[in-house]
Amino acid sequence: MVNSILNAITKQLGTTFGNSYRYYVEDVEQGLKKPCFTVDVLIPLQRSKSPVLYDRTMPIVVHFFSDSTSDIKNNYYAMGERIVECLEYLPFEDTKLRGEDISWQIVDDVLQVFITYKFTTRLVTEEVDAMSECVENVHHVN
């Protein structure tokens with residue numbers, strides 16, 4: 001589930017910003033090619049609502065690294081707003097997830113955008129046809 005959401009985010013960023021940027025979902029210690037985005041999950045949370053339903057909270061951070069050295073703050077202000085607009089409604093599977101608790105900041109010349117997706121998932125279990133099991137057991141008793 002986590003990887004699917006990270007992939008949906010990078011796909012949405014790619015659709016919005018195009019091929020002139022690179023998109024990373026793993027840590028890149030060296031060789032980061034700017035301009036680029038990195039996407040990571042912070043601390044996911046899962047709470048049980050019932051034996052088969054779970055509330056999931058997926059806090060995400062998107063880092064944007066610019067290749068520009070001039071007017072970096074104004075560029076980041078505009079980019080922060082564009083990223084928020086791009087990710088507020090995230091196409092995911094057959095629905096859209098709405099981002100909440102959205103904020104951004106600039107730290108050490110890197111734009112950091114924080115967004116949290118909350119949704120409910122269902123535990124998928126193999127269904128067993130109880131009636132056919134009962135019928136089979138009755139036939140074996142006779």
Side-chain angles (χ1 to χ4, degrees), residues 1-140:
M1 175 69 68
V2 172
N3 287 332
S4 298
I5 290 179
L6 293 175
N7 290 335
I9 291 169
T10 56
K11 182 178 179 183
Q12 183 71 2
L13 289 168
T15 300
T16 301
F17 295 103
N19 294 332
S20 56
Y21 298 92
R22 295 190 185 270
Y23 306 92
Y24 300 98
V25 291
E26 67 277 341
D27 290 336
V28 179
E29 304 264 334
Q30 297 177 0
L32 195 70
K33 304 217 186 225
K34 298 177 184 178
C36 67
F37 295 89
T38 64
V39 182
D40 204 359
V41 64
L42 295 174
I43 301 172
L45 177 65
Q46 177 173 299
R47 288 195 177 109
S48 179
K49 286 177 78 166
S50 75
V52 295
L53 293 177
Y54 299 90
D55 282 335
R56 307 270 315 253
T57 302
M58 196 76 57
I60 302 292
V61 60
V62 176
H63 293 96
F64 174 69
F65 298 86
S66 177
D67 61 348
S68 174
T69 55
S70 64
D71 203 19
I72 199 161
K73 279 201 173 186
N74 284 332
N75 289 335
Y76 279 167
Y77 294 155
M79 184 58 85
E81 291 177 4
R82 288 184 66 200
I83 294 170
V84 167
E85 184 178 306
C86 161
L87 296 179
E88 183 175 7
Y89 292 95
L90 180 67
F92 184 72
E93 295 177 355
D94 59 350
T95 190
K96 285 191 175 188
L97 299 178
R98 182 161 190 252
E100 301 179 17
D101 305 322
I102 303 169
S103 64
W104 53 273
Q105 64 183 359
I106 302 167
V107 177
D108 296 330
D109 292 334
V110 176
L111 174 64
Q112 301 174 348
V113 179
F114 301 92
I115 187 164
T116 300
Y117 296 102
K118 297 177 182 177
F119 51 95
T120 301
T121 59
R122 173 184 292 277
L123 177 66
V124 178
T125 59
E126 184 179 323
E127 289 188 27
V128 176
D129 186 359
M131 275 310 272
S132 68
E133 279 189 14
C134 288
V135 171
E136 286 178 22
N137 288 337
V138 169
H139 289 303
H140 290 204

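Numbers here simply count residues along the sequence, with the first being 1. The figures that follow rest on heavy atoms only: side chains count, while hydrogens, waters and symmetry mates do not.
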Decide if the gap between the ring center of Tyr21 and the ring center of Phe37 is smaller than 6.0 angstrom. yes
For the backbone of Leu13 and the side chain of Thr16, can you confirm whether one donor and one acceptor N or O come within less than 3.5 Å of each other? no
For Ser50 and Ser48, the nearest pair of non-hydrogen atoms, with its separation, is O-OG, 3.0 Å
Side-chain donor or acceptor of Tyr76 paired with backbone N/O of Phe65 under 3.5 Å: no
Could you give the distance from CZ (Phe119) to CG (Asp55), rounded to the nearest 0.5 Å? 10.0 Å
Is there a side-chain contact between Tyr24 and Leu32 in this structure, where contact means two heavy atoms from C-beta onward sitting under 4.5 Å apart? yes
Can you tell me how far apart CG (Asn74) and CE (Met79) are? Round to the nearest 0.5 Å. 13.5 Å
Minimal non-hydrogen separation, Ile102 against Gly99, with atom names: CD1-O, 3.8 Å
For the residue pair Arg56 and Lys118, establish whether any side-chain heavy-atom pair is separated by less than 4.5 Å. no
Nearest heavy-atom pair of Leu90 and Ala8: which atoms, and what distance? CD1-O, 3.6 Å
With side-chain contact (heavy atoms from CB on, under 4.5 Å) as the criterion, how do Val84 and Val113 come out once you've worked through the C-alpha distance, each side chain's angles and the decisive distance to 0.1 Å? CA-CA 8 Å; Val84 167; Val113 179; 4.2 Å; yes
Can you tell me how far the NZ atom of Lys49 sits from the OG1 atom of Thr121, to the nearest 0.5 Å? 10.0 Å
Close side-chain approach of Val62 and Leu87, heavy atoms under 4.5 Å: yes
Evaluate the side-chain proximity of His63 to Leu111: yes if any heavy-atom separation is below 4.5 Å, no if none is. no
Begin with the C-alpha distance, continue with both residues' side-chain angles, and end with the deciding distance and a verdict on side-chain contact (heavy atoms from CB on, under 4.5 Å) for Phe114 and Asp101. CA-CA 8 Å; Phe114 301 92; Asp101 305 322; over 6 Å; no
Taking every heavy atom of Tyr89 against every heavy atom of Pro91, the minimum-distance pair comes out as O-CD, 3.4 Å
Between Glu81 and Ile83, is there a side-chain heavy-atom distance shorter than 4.5 Å? no
CD1 (Ile115) and CD (Glu88) are apart, to the nearest 0.5 Å, by 7.0 Å
Any chance you could measure Glu100, atom CD, to Met58, atom CE, to the nearest 0.5 Å? 13.5 Å
Do the side chains of Val110 and Phe64 get nearer than 4.5 Å, heavy atoms only? no
Heavy-atom closest contact (Asp67 atom, Pro35 atom, distance): OD2-CD, 3.3 Å
Within a reach of under 6.0 Å around CD1 of Ile43, are more than 12 heavy atoms found that belong to other residues, nucleotides or ligands? no
In the structure I gave you, are the side-chain heavy atoms of Tyr23 and Lys11 within less than 4.5 Å of one another anywhere? no
Considering non-hydrogen atoms only, spot the tightest contact between Leu6 and Val39 and give its length. CD2-CG1, 3.6 Å
Polar side-chain atom of Gln12 near backbone of Cys86 as donor-acceptor pair, under 3.5 Å: yes
Using a 4.5 Å cut-off on heavy atoms from C-beta on, say whether the side chain of Ile9 contacts that of Tyr117. yes
Calculate, to the nearest 0.5 Å, the distance between atoms CG and CZ belonging to Leu53 and Arg122 respectively. 5.0 Å
